[in-house]
**Student:** 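Quick one: this structure, given as structure tokens, is what I'll be asking you about.
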Protein chains: 2
Amino acid sequence: MRETAETTGRDRDPEAVSKFVEGFAAQLVEAGMQRMPARVFAALLASDPGSLTSAELGEQLQVSPAAVSGAVRYLSQQHMVSREREPGSRRERYRVHSDQWYEALTNRETILKRWESALSEGVASLGAETPAGRRMAETLAFFEFLDGELAAMMERWRVHREKTFGHR
Amino acid sequence: MRETAETTGRDRDPEAVSKFVEGFAAQLVEAGMQRMPARVFAALLASDPGSLTSAELGEQLQVSPAAVSGAVRYLSQQHMVSREREPGSRRERYRVHSDQWYEALTNRETILKRWESALSEGVASLGAETPAGRRMAETLAFFEFLDGELAAMMERWRVHREKTFGHR
DNA sequence: CGCTTCCTTCAGAAATTTGTGAAGTTAAGG
DNA sequence: CCTTAACTTCACAAATTTCTGAAGGAAGCG
């Protein structure tokens with residue numbers, strides 16, 4: 001298949017794009033994300049269509065198809081991007097849904113739940129009446145509080161978002 | 001200095017303590033924390049006094065003083081533990097303030113701010129009117145919303161905490 | 001069907017991270 | 001002051017992670 005300005009995004013200043021991609025990716029890495037997923041994600045975020053093919057990602061980031069494949073697998077497990085097949089082609093497109101990805105961020109719920117269960121076991125095994133047990137119980141209570149708050153907060157965001165961006 | 005059951009925590013089932021420490025640390029690692037800081041932190045959380053000396057940490061976790069030193073430096077930079085000197089001794093104690101450490105968790109503010117500024121630059125350089133620019137602007141708006149919400153939420157938590165644990 | 005394009009998997013090389021031992025620094029206690 | 005206990009720093013070795021090239025499928029298209 002032939003490449004066009006539309007599919008590669010080459011019409012935009014590649015310098016500026018790359019600067020954003022590497023800078024934002026670096027911040028994501030700082031926060032604990034692996035380098036390659038971070039770069040791939042940043043590239044998608046900065047693309048005009050909000051989606052790129054594997055080949056485009058490889059070319060823009062100067063990495064092998066294997067690296068793209070691994071990064072994309074990770075990102076879709078985290079629900080930060082979705083994969084879609086281009087109809088009538090073997091190419092796959094990876095897409096970031098602008099509203100979906102940061103919802104996934106707060107969906108660290110899985111992690112929160114695991115923290116909670118580790119703490120809960122700890123309280124049980126060390127004794128709820130020991131100083132350590134009480135400390136852990138308080139921490140547990142905080143996370144349980146968090147669970148509820150995060151859900152309510154996202155609901156408020158959706159309202160706020162609708163007001164601000166809804167009418168496009 | 002001599003070691004006592006009080007300072008080493010050996011009166012408690014070391015098996016149970018270790019099981020919690022390694023289990024909880026593993027979850028922290030999963031969430032992006034480095035292994036050694038995670039283990040040190042979990043050990044402090046599970047200690048009855050809420051604090052341990054360098055030597056105690058080294059012995060319990062079977063690691064060198066150097067490893068403890070590095071982990072503790074990281075943890076105190078993150079405001080997850082504080083260091084205090086034992087009066088009349090060269091020993092240092094590392095302490096977890098039960099209420100302080102998870103406040104530090106939400107104090108990923110530093111990271112949030114950096115994300116915001118990276119996004120802001122991106123919007124500027126790619127153009128606020130481009131599709132990519134609009135996507136990045138929406139993400140930026142989300143993080144700005146988050147900033148405010150997190151602060152308000154922690155305030156609600158403090159009230160809730162006082163009601164639940166205040167009267168001890 | 002077979003050719004071709006594209007994605008994935010896998011073994012291994014390269015780079016990075018992590019933890020150690022040893023030397024260095026600081027400060028208490030005689 | 002000198003000694004010594006305790007933490008820190010540093011160079012390096014070990015372990016782990018990350019990325020690549022090559023081989024192995026799957027699926028469109030003739």
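Note that the structure is predicted; figures quoted are calculated from it, not measured. Chain letters run A, B, ... following the sequence lines, proteins first and then strands; every chain starts at 1. All heavy atoms count here, side chains included; hydrogens, waters and symmetry mates do not.
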**Student:** Supply the atom-to-atom distance A:Phe145 CZ to B:His160 NE2, rounded to the nearest 0.5 angstrom.
**Tutor:** 6.5 Å

**Student:** For B:Arg135 and A:Asp48, indicate whether the former's side chain and the latter's backbone hold a donor-acceptor pair under 3.5 Å.
**Tutor:** yes

**Student:** Quick one: do B:Val63 and B:Phe24 end up in the same hydrophobic cluster if we chain Ile, Leu, Val, Met, Phe, Trp and Tyr together by side-chain heavy atoms under 4.5 Å apart?
**Tutor:** yes

**Student:** Respond yes when some side-chain nitrogen or oxygen of A:Gln34 is under 4.0 Å from OP1 or OP2 of D:dT18, and no when none is.
**Tutor:** yes

**Student:** Take the protein atom CG of B:Leu75 and the nucleotide atom P of D:dT8, then report the distance between them rounded to whole Å.
**Tutor:** 12 Å

**Student:** Spell out, as yes or no, whether a donor-acceptor pair under 3.5 Å connects the side chain of B:Ser18 to the backbone of B:Glu15.
**Tutor:** no

**Student:** Kindly indicate whether the side chain of A:Leu112, heavy atoms from C-beta on, has any atom under 4.5 Å from the side chain of A:Leu150.
**Tutor:** yes

**Student:** Describe the nucleic acid contact of A:Arg83 in one word from base, sugar-phosphate, nothing, applying a heavy-atom distance below 4.0 Å.
**Tutor:** sugar-phosphate

**Student:** Whole angstrom is fine here: how far is it from OH in A:Tyr94 over to P in C:dC6?
**Tutor:** 12 Å

**Student:** Quick one, give me the B/S/- string for nucleotides 23-30 of chain D, reading 5' to 3', where B means a protein heavy atom under 4.0 Å from the base and S means that only happens at the primed atoms, P, OP1 or OP2.
**Tutor:** ----BBS-

**Student:** Check the distance between D:dT4's P and B:Arg91's CZ and give it to me in whole angstrom.
**Tutor:** 18 Å

**Student:** Do any of residues 18-25 of chain A sit with a heavy atom less than 4.0 Å from DNA chain D, and if so which?
**Tutor:** none

**Student:** Run the numbers on A:Arg91 and A:Glu56 for salt bridge (charged side-chain N to carboxylate O under 4.0 Å, His left out), then give the verdict.
**Tutor:** CA-CA 11 Å; A:Arg91 289 204 175 171; A:Glu56 288 162 2; 5.0 Å; no

**Student:** From the options D:dC7, C:dG19, C:dT8, select the nucleotide whose nearest atom is closest to the side chain of B:Arg35.
**Tutor:** C:dG19

**Student:** Give a yes or no on whether B:Leu75 and B:Val29 share a hydrophobic cluster (residues Ile, Leu, Val, Met, Phe, Trp, Tyr; joining criterion: side-chain heavy atoms under 4.5 Å apart).
**Tutor:** no

**Student:** Between the side chain of B:Ser120 and the main-chain N/O of B:Ser117, is any donor-acceptor distance below 3.5 Å?
**Tutor:** no

**Student:** With rounding to the nearest 0.5 Å, note down the distance linking CH2 in A:Trp101 to CZ in B:Phe142.
**Tutor:** 8.0 Å

**Student:** Given C:dC7, is OP1 or OP2 found less than 4.0 Å from the side-chain N or O atoms of A:Ser54?
**Tutor:** yes

**Student:** Could you check how far CE of A:Met36 sits from P of D:dC19, rounded to whole Å?
**Tutor:** 4 Å

**Student:** For A:Leu57 and D:dC19, give me the distance from atom CG to atom P, rounded to whole Å.
**Tutor:** 14 Å

**Student:** Say whether, by atom type as modelled, one donor and one acceptor occur between the side chain of A:Arg39 and the main chain of A:Leu61 under 3.5 angstrom.
**Tutor:** yes

**Student:** Give, ordered by number, those residues of residues 61-74 of chain A having at least one heavy-atom distance below 4.0 Å to an atom of DNA chain C; if nothing qualifies, reply none.
**Tutor:** A:Pro65, A:Ala66, A:Ser69, A:Arg73

**Student:** Which of these, B:Glu86, B:Arg93, B:Arg83, sits in a side chain to side chain donor-acceptor pair (under 3.5 Å) with B:Ser51?
**Tutor:** B:Arg93

